[in-house]
Each structure stands twice: as structure tokens, then as C-alpha cells.
There are 2 protein chains.
Amino acid sequence: MSESDGVTKTKILDAAQDLIQRLGANGMSYQDISDAVGIRKASIHHHFPTKENLIETLLDRYCEYFFRLFDNILQSTASPKEKLQKYIDLFEATLRSEKGEKACLYGMVGAEIASLGLESLAKVKHFHEGNEERLTTLLIEGRKGRVFNLKGDPKATAALVFSLLEGAILIVRAKGGVRQFRQITEQLMILLAA
Amino acid sequence: MSESDGVTKTKILDAAQDLIQRLGANGMSYQDISDAVGIRKASIHHHFPTKENLIETLLDRYCEYFFRLFDNILQSTASPKEKLQKYIDLFEATLRSEKGEKACLYGMVGAEIASLGLESLAKVKHFHEGNEERLTTLLIEGRKGRVFNLKGDPKATAALVFSLLEGAILIVRAKGGVRQFRQITEQLMILLAA
DNA sequence: GTCTATAGCGCGATAGAC
DNA sequence: GTCTATCGCGCTATAGAC
């Protein structure tokens with residue numbers, strides 16, 4: 001392994017992401033990352049000069065990863081209903097991660113958006129737009145195939161689905177956990193079904 | 001006015017609530033409150049010895065206030081559909097507050113729940129339960145009157161509505177604001193309509 | 001690239017005068 | 001009940017040796 005292959009960088013990003021998804025960006029510190037990775041705080045600053053810089057890198061990485069998974073789902077041969085279920089499963093997989101229940105990275109950062117920089121705000125906007133656009137495509141596809149009974153504007157329904165998933169993954173961590181998340185998303189599928 | 005009528009206490013609570021609804025509990029500090037109220041940090045500690053104590057007091061106050069409004073709606077002579085709309089309007093009123101867009105206090109604290117104490121966790125649970133129970137009652141009432149087309153479990157639908165509203169109020173602050181919030185909630189009403 | 005050491009600041013919280 | 005002053009700590013960030 002070369003010394004510049006980015007393994008340490010990746011470990012730092014992984015630890016930071018885990019912490020933010022559980023505690024929030026304002027609840028995560030370089031010391032927490034230091035403890036998790038087994039590296040000194042100064043070394044983290046070598047890779048990510050400022051906390052804003054670290055968060056922005058994280059947001060980009062998560063967005064690319066998430067959109068790639070979403071695009072794979074969209075381009076698969078599954079039915080629109082199955083595609084939506086697989087999209088929902090992306091959120092559920094996040095929630096049921098090994099280290100305890102985590103929310104979506106963008107859900108956490110979105111909640112704290114007023115205390116972050118303009119760069120982060122732009123990235124959050126981009127994530128929301130990307131999700132809503134792709135969901136709109138998916139919903140329209142399902143309406144054509146008569147598997148979704150879409151009353152009203154598909155864009156509004158897409159925004160509803162996205163808000164619901166982001167909200168549910170935040171809410172259920174306090175009480176019902178994965179079990180309640182599934183109850184809510186099953187109900188969503190029922191409401192959308194033709 | 002007596003010196004123990006709690007005016008200062010109320011001012012502190014109001015400022016703290018505003019800050020948490022915009023920045024989150026971890027993004028709010030005693031110094032911020034001090035600046036907002038025009039009182040020294042030490043004086044805040046006189047009224048609320050610890051930050052946890054302040055947050056717990058806030059959560060209780062907000063919960064009582066919100067449930068009172070919700071109960072008033074439930075006990076009114078409005079139709080179930082109108083009642084649900086008025087409930088949604090409680091969230092919209094929070095969002096369009098004068099000092100910039102605010103989320104629900106419990107939405108913000110819920111996102112940061114893993115970095116708060118067990119007392120706060122219990123209060124968050126209580127708020128979620130209270131909302132879901134009342135919403136369930138409202139939805140069943142509407143189903144009887146055939147104004148809601150409830151497929152599936154009313155409890156699951158109630159949890160869906162609550163998660164959606166908490167999620168939407170967090171999400172729309174990044175981009176669409178009140179306009180998008182209204183678009184989403186109108187779509188919800190369409191989906192639930194018989 | 002990682003380390004030790006530390007600067008500089010803001011935090012929550014306390015002591016004690018008034 | 002509010003103030004000034006301060007403690008002790010954790011934070012982000014930097015300097016410089018290795």
C-alpha cells in the first residue's frame with residue numbers, strides 16, 4: 001500500500017459520518033474522530049484542515065454514493081413499485097446499521113443547516129433536488145403502468161415521499177425503531193398503490 | 001409586578017426555544033441567550049442551573065402548549081378534514097415565524113436525541129405518543145364520516161402523518177420554504193381524501 | 001504523514017459582592 | 001435577582017519535531 005492511497009482519509013470520513021448520523025454535526029468533534037480511528041487530532045487536520053471542509057467532503061461522498069445506488073435502482077428491470085421499495089430500503093439499511101440507529105447524513109445536517117456554511121447549504125439543496133427529481137421520474141413511470149394511483153402533482157408527491165422518509169428515520173430513533181419505520185413505509189406504499 | 005412573576009424566566013425560555021428551533025440544542029449556547037435577552041450568563045444559571053434543566057423545562061412547556069392547541073382543535077365543531085388542516089397549520093405557523101424559518105422544537109431535539117439525557121429522551125417519546133394517539137383518534141373519526149379513505153392501520157397512518165410533518169418542516173428550510181411545505185401538505189390531504 | 005505541545009477561544013458552571 | 005470575575009474544560013486549529 002502506498003502512503004497516499006487515502007486509507008486513513010477514508011477511515012476519518014467513515015468515523016465522522018457515523019458520528020454525525022448519530023449525534024449531529026454540532027455534536028461531533030475532532031476528539032471523537034480521534035478516539036474512533038486511533039489517530040491524533042492534528043493528523044485529522046492534516047487531511048481535513050477545517051471542520052467545514054471535512055463536512056463538505058462527507059456530504060459530497062454521501063451524495064455520490066446515494067445517487068449511484070438510486071440510479072442503479074432506477075435503471076434496473078424491477079417494477080416501479082419494487083423500485084420504490086428498494087429506495088425505501090436504502091433508508092432502512094441506514095437506520096439498522098451495526099453501531100446503533102443512524103439517520104440519513106443529510107437529514108441530520110439539514111436539521112442543523114442554519115449553523116453551517118453556505119457551501120453546505122448548497123449541497124443540501126442539491127441532495128434534496130436530486131432525490132425529488134429521481135422520485136418524480138419513478139412515480140410518473142408507475143403512474144403510466146397504473147401501479148401508482150397518483151392524484152395531484154407527481155413533484156409534490158415526490159417531495160412528500162422524501163420528506164416522509166427523512167422525517168421517519170429521525171423520528172423512529174426515539175421510540176419505535178426499525179419496526180415503526182417499516183410500519184410507516186408500508187403504509188406509504190398502501191397510500192400510493194393504485 | 002412582583003419580582004418572582006417569572007417574566008425573566010419566560011424571556012429566557014423564549015430566546016432559548018427560538019435558538020434551538022433554528023440552530024439545534026447543540027448549536028445554542030448560554031451566551032446566545034444572554035445576547036438575545038440582555039442578561040448575563042450567570043443570571044441564566046440562576047433560573048436554570050444546567051443546560052439540560054433548561055432544555056427539559058422547554059420541552060415540557062412546548063408539549064403542554066402544543067397538546068392544548070391540538071386538544072382545542074379536536075374538541076371543536078370542525079369537520080375531521082378541517083381539524084387535520086388546522087393541525088397542519090400549527091406546523092406551518094411555526095415555520096413562518098417572524099425570526100426566520102423555525103422547525104418544531106421536538107423535531108430539532110429529536111434529531112439530536114443521542115447527545116441528550118434520558119429525561120429528554122422520555123419527553124420526546126411522550127410528545128410523539130401524544131401526537132400519534134390524537135391523530136389516530138382524528139383519523140378514525142374521519143373514516144367514520146367517510147371523509148378519509150383510510151386503507152390499513154389508522155395508527156400507522158397517524159405515525160406517517162406525524163413523521164411527514166416533522167420531516168417536511170425540517171427539509172423545506174433548506175430550499176422551498178413555506179411554499180413547498182404547503183405543496184407537500186396539500187398533497188397529503190389529497191392522498192388521505194376519500 | 002503522524003506525532004507532541006500549545007495557542008486561543010467559547011463553553012457550561014460557580015463564587016461571592018451588591 | 002443580577003452582577004463581575006473566574007474556574008476548568010473541550011473545542012478548532014496551528015507550529016514544529018520526527
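Letters A, B, ... are given to chains in the order of the sequence lines, protein chains preceding strands, and every chain is numbered from 1.
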Review point. Would you call A:Lys125 and A:Glu129 a salt bridge, taking side-chain N to carboxylate O under 4.0 Å as the test?
Key: no
Point to revise | B:Phe66/B:Phe127 aromatic ring centres below 6.0 Å | key: yes
Review point. Which letters describe nucleotides 4-18 of chain D, given B = protein heavy atom under 4.0 Å from base, S = only from sugar-phosphate, - = neither?
Key: B------SBBBB---
Practice item. Spell out, as yes or no, whether a donor-acceptor pair under 3.5 Å connects the side chain of A:Arg173 to the backbone of A:Lys102. Key: no
Practice item. Starting at atom NZ of A:Lys11, determine the distance to atom P of C:dT2, rounded to an integer number of angstrom. Key: 9 Å
**Study point:** Partner of B:Leu135 under side chain to side chain contact (heavy atoms under 4.5 Å, CB included), chosen from B:Val161, B:Leu165, B:Leu74
**Key:** B:Val161
Exercise for review: Specify the separation, in whole Å, of atom CD1 of A:Ile44 and atom C1' of C:dT4.
Suggested key: 15 Å
Check your understanding: Have A:Ser29 and A:Asp32 got a donor and an acceptor in their side chains that come within less than 3.5 Å?
Key -> yes
